[in-house]
Amino acid sequence: MLGGIGGRRRRGRQRMRWLDGITGSMDGTRDYSPRQMAVREKVFDVIISCFKRHGAEVIDTPVFELKETLTGKYGEDSKLIYDLKDQGGELLSLRYDLTVPFARYLAMNKLTNIKRYHIAKVYRRDNPAMTRGRYREFYQCDFDIAGQFDPMLPDAECLKIMCEILSSLQIGDFLVKVNDRRILDGMFAICGVPDSKFRTICSSVDKLDKVSWEEVKNEMVGEKGLAPEVADRIGDYVQQHGGVSLVEQLLQDPKLSQNKQALEGLGDLKLLFEYLTLFGIADKISFDLSLARGLDYYTGVIYEAVLLQPPARAGEEPLGVGSVAAGGRYDGLVGMFDPKGRKVPCVGLSIGVERIFSIVEQRLEALEEKVRTTETQVLVASAQKKLLEERLKLISELWDAGIKAELLYKKNPKLLNQLQYCEETGIPLVAIIGEQELKDGVIKLRSVASREEVDVRREDLVEEIKRRTSQPLCIC
Amino acid sequence: MADRAALEDLVRVQGERVRGLKQQKASAEQIEEEVAKLLKLKAQLGPDEGKPKFVLKTPKGTRDYSPRQMAVREKVFDVIISCFKRHGAEVIDTPVFELKETLTGKYGEDSKLIYDLKDQGGELLSLRYDLTVPFARYLAMNKLTNIKRYHIAKVYRRDNPAMTRGRYREFYQCDFDIAGQFDPMLPDAECLKIMCEILSSLQIGDFLVKVNDRRILDGMFAICGVPDSKFRTICSSVDKLDKVSWEEVKNEMVGEKGLAPEVADRIGDYVQQHGGVSLVEQLLQDPKLSQNKQALEGLGDLKLLFEYLTLFGIADKISFDLSLARGLDYYTGVIYEAVLLQPPARAGEEPLGVGSVAAGGRYDGLVGMFDPKGRKVPCVGLSIGVERIFSIVEQRLEAELLYKKNPKLLNQLQYCEETGIPLVAIIGEQELKDGVIKLRSVASREEVDVRREDLVEEIKRRTSQPLCIC
């Protein structure tokens, strides 16, 4: 069985284009082979059990929304939305993320509070050639808490969840950068950034995790027309990162502490750090003034988790994976959907699972772990010809008893082929029917790994198979 | 401003004209022409960016799943997936859209129900209409000659929900298929076994699986005198026999579709029959039918199938029904459909009128349509109609989810009772001083002080029974 076709992304090489000519694979999308599904299921299990552990409910929404629902929510990125053809009915677009559908769901159902997760694919007409490794159809795992609560408690829980998930996935050390939209606003204001340049300066500052300050400054001054002294003032701030002590320090900063917005942000961050310390994760959190990521709708705390040392085999180039999760507070979005403009404050996070899939896939390959794609416990086999009837009867008994079993679709299969099938697919046991054994009322039960065989009475077979397979199956 | 208002009026009127034509089932050309006019008018209105609108609905024919509905869905999928896994199936997934060309020419008349994506300068795309064509494309693309796979995902059809009540435009399909060249009828029998296992496990009431064969239908129509050109349309009339009487079906065939009355009568002699393997035996002896090579092949395979189904212990649930003429063009052999016998209803409530809950068949020619060399990969499979099953299960479950946000202890306890949380770990000032947590059982209302360091252990011990939703 071919695995990984169209699904593996290697540095410097685009997805295998020879497939495109044959039968219509599409740019930026991929099938999930059974092997990739096994990886995906493993990753989702970890994520979902964490969400459930924190009491989240789950919802689902349609793959498309009314075009008007998505209009005006994504700023410049709106051009990346997939529209459906106007076929005479409503104008529709494929969802671009899970947050806007969530806001629409809250407003539509007049909900004022909910803690929900949503795992589903979203669609963006990115150019895969230009942004290497970027798919047009990809999974998002979102967790959001909507409602008016005492400050920073839900925000802290979101960060706790993010850390729990990334730890459980065992994909290496990570760091969560935290900042606040109000601190950014206030900081730019006191540095002298004109309101009109706010967004574009934000996006320059955000590049500091990839390029040097000199380059960022050049872009702001040279390309975006910012006054050099303003850029320098920004530089004094945004190159700083640290723990709660940095928060304290900035609360004392003569200029920043004059700015009401920045003070609000700093105060909330201070409270947040107290909660994160109680949650035992403060050592994973870094207050980073250069974090200026993301969509227009964040209104308070923003955060992004990055892997510190992408796992690589010796001598192999690091994956360059970057961000694996992100989120923040967005208090104004639901109000955009409510006719009376009623606000429902929200805070949430999104796990970048596609990157995590690749990392886990690579890890399994590196360890040369065999990933089983079925859970079959026993193959029902025959040792001689003309035993099909007996195989069918036996396998039916096993299925009715809840045992996972297969048989070859051959009337008279060779024993060797049946054993080989088990080795290829990882089936651990074979129940062999033979003429003599039939007369004796027994079935020969064989362990594929050890090759040991033992005669088991027909009536004891189900019990014996269950006993031997009661260890939870491990895929890896 | 006035111009715009006048233009909006024209758009509205034209939109109504298009809707009217569709309802009257006007010709495709006429509809296309009027739609083109509508699009031109809309284009004149220009883009509508930035105008705040309060659209609080999902698109027509689609719905959100609330947490309650998700609980039902998860329960149903668990049953279905564990059955698929029990039979050794792997799982795959494919994109929500396919190249338009991939879907073209596979669905006959139903092609007009396909959702297209707008031409935005790249490849022309359409949303998948089912999971079978993507499966065939996947097989051909990966040059696979055999696989046993399941696939659970949503598919998209621009049905008119108003006219066919309860029909969604976005809905789940649960497909299981076996591809490959094997000894006859073994995979086909396993598909039927799986269908029966699933429907039994779901406990949605008694069901029956009707079985027929495309070759028997073909042969039967041939010997009755149905012209080849009328085959498909006569098929669709015969298929209505599960809902209407033979008289009505005959009238449609003769009156509307121009079939000779004596041909209709001959068809009637056959299609009103259903039974077990004895009917297969009987037809194998039928003087006319046994002269037809195709029918003989079909009957022979059905006889073998019944042998296997007996060994699988499900023969009593299977009915060989000559009026089963369902489904898409691509079936080439055995076809089957499961129906609920007695839709479960509470006393006094109307039965759901659910009809078919699962269906499938053999389709040996589909993969070959995707292979450059036309290499065939025989396939047989089934599809579970989960949306109908969701409604049935939803009706049965009493679970309710409520939200409370008041921190008063009484309200916290009430929240537990309403949502089914079995334990409460209560923190109190005195207990904090004593280094204990009060652990309360919601069901029994008993409280016991547990040392802080023993709490995790104690909770795990008490919750080690698997939780039950119902």
Side-chain angles (χ1 to χ4, degrees), chain A residues 1-2 5 19 22-27 29-34 37 57-66 68-69 71-72 82-90 92 104-105 107-108 113-114 116 121 125 137 147 337-339 373-376 389 392-393 396 399 402 404 406 409-411, chain B residues 18 35 38-39 49-50 53-60 62-67 70 85-96 98-99 101-102 115-118 120 122-123 125 137-138 140-142 144 147 149 154 158 170 182-183 186-187 197 308 311-313 370 372 401 403 405:
Chain A
M1 218 71 67
L2 291 172
I5 287 290
L19 282 173
I22 297 186
T23 43
S25 62
M26 297 156 286
D27 251 355
T29 68
R30 54 149 164 173
D31 296 318
Y32 285 78
S33 69
M37 288 298 283
E57 301 179 296
V58 61
I59 69 167
D60 197 10
T61 65
V63 79
F64 41 62
E65 296 277 341
L66 294 180
E68 322 162 37
T69 299
T71 302
Y82 275 101
D83 290 328
L84 267 72
K85 185 172 164 184
D86 187 341
Q87 289 168 293
E90 298 166 323
L92 306 170
R104 192 264 307 143
Y105 176 87
M108 195 165 136
N113 70 323
I114 187 174
R116 80 93 184 79
K121 291 179 188 168
R125 288 178 60 243
E137 175 192 57
F337 288 95
D338 187 281
T373 53
T374 64
E375 297 180 8
T376 308
E389 249 192 56
L392 293 176
K393 269 195 277 188
S396 188
W399 287 331
K404 300 172 199 174
E406 287 183 67
Y409 298 125
K410 266 189 104 52
K411 284 194 288 207
Chain B
V18 167
V35 166
L38 178 63
L39 291 178
E49 299 284 334
K53 277 205 183 162
F54 298 106
V55 275
L56 291 182
K57 63 187 288 288
T58 52
K60 189 172 174 191
T62 70
R63 55 159 166 157
D64 296 319
Y65 285 80
S66 69
M70 290 298 283
K85 286 182 170 179
R86 192 158 58 245
H87 288 258
E90 302 180 295
V91 60
I92 68 166
D93 197 11
T94 64
V96 79
E98 296 279 337
L99 291 181
E101 19 178 313
T102 299
Y115 276 100
D116 291 327
L117 264 71
K118 186 171 163 185
Q120 286 169 295
E123 303 153 315
L125 305 168
R137 193 263 307 143
Y138 177 88
M141 196 163 136
N142 293 288
L144 295 172
I147 187 175
R149 80 93 185 77
K154 292 179 187 167
R158 288 179 60 242
E170 174 190 66
F182 303 112
D183 285 354
L186 285 167
E197 278 181 22
Y308 296 157
L311 293 165
F312 279 160
F370 289 95
L401 297 173
Y403 310 100
K405 52 176 178 163

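By convention in this document, chain letters (A, B, ...) are assigned in the order of the sequence lines, proteins followed by strands, and residues within each chain are numbered from 1.
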Contacts of A:F64 that satisfy ring pair (Phe, Tyr, Trp, His ring centres under 6.0 Å) - sequence neighbours left out: B:Y115, B:Y156
Those residues that, when tested against B:Y308, pass ring pair (Phe, Tyr, Trp, His ring centres under 6.0 Å) (two or more places apart):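 Ring pair (Phe, Tyr, Trp, His ring centres under 6.0 Å) list for B:Y308, sorted by chain: empty.
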Between B:D183 and A:K411 (side chain of the first, backbone of the second, donor and acceptor by atom type, cut-off under 3.5 Å), is there such a pair?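 Judged by distance alone, yes, a pair lies under 3.5 Å.
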For a quick test of reading the model, state the closest non-hydrogen atom pair linking [X] to [Y] and the distance between them.
{"X": "B:K60", "Y": "A:E90", "value": "N-OE1, 2.9 Å"}
{"X": "A:M108", "Y": "B:K57", "value": "SD-CA, 3.7 Å"}
{"X": "A:P62", "Y": "B:T62", "value": "CG-OG1, 3.4 Å"}
{"X": "A:Y32", "Y": "B:Y138", "value": "O-OH, 4.5 Å"}
{"X": "A:P339", "Y": "B:L56", "value": "CD-CD1, 4.1 Å"}
{"X": "B:L311", "Y": "A:K393", "value": "CD2-CG, 3.7 Å"}

Kindly compute the distance separating [atom1] ([X]) from [atom2] ([Y]), expressed to the nearest 0.5 Å.
{"X": "B:K85", "Y": "A:T376", "atom1": "NZ", "atom2": "OG1", "answer": "11.0 Å"}
{"X": "A:S396", "Y": "B:E197", "atom1": "OG", "atom2": "CD", "answer": "7.5 Å"}
{"X": "A:K404", "Y": "B:R86", "atom1": "NZ", "atom2": "CZ", "answer": "9.0 Å"}

Please rank B:L125, B:T58, B:V18 by heavy-atom pairs under 4.5 Å with chain A and give me the top one.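 Top option by heavy-atom pairs under 4.5 Å: B:T58.
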Which atoms of [X] are under 4.5 Å from chain B, going by heavy atoms: the side chain, the backbone, both sets, or neither?
{"X": "A:Q87", "value": "both"}
{"X": "A:R125", "value": "side chain"}
{"X": "A:L392", "value": "both"}
{"X": "A:E389", "value": "both"}

How about B:I92 and A:S33: do any of their side-chain heavy atoms sit closer than 4.5 Å? no
Quick one: of A:D60, A:L84, A:D86, A:V58, who has the most non-hydrogen atom pairs under 4.5 Å with chain B?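 Top count of heavy-atom pairs under 4.5 Å with chain B: A:D60.
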Per-residue contact mode, B:L39 against chain A (heavy atom under 4.5 angstrom): side chain
Determine whether B:L186 and A:K410 satisfy the following criterion, side chain to side chain contact (heavy atoms under 4.5 Å, CB included), listing intermediate values before the conclusion. CA-CA 8 Å; B:L186 285 167; A:K410 266 189 104 52; 5.8 Å; no
Within the supplied structure, the quantity of interest is the number of heavy atoms (other residues, nucleotides, ligands) at a distance under 6.0 Å from B:K154 NZ; does it exceed 12?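 Yes, because the 6.0 Å sphere around NZ of B:K154 holds more than 12 heavy atoms from other groups.
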Side chain to side chain contact (heavy atoms under 4.5 Å, CB included) between A:E137 and B:V96, intermediate numbers included: CA-CA 8 Å; A:E137 175 192 57; B:V96 79; 3.7 Å; yes
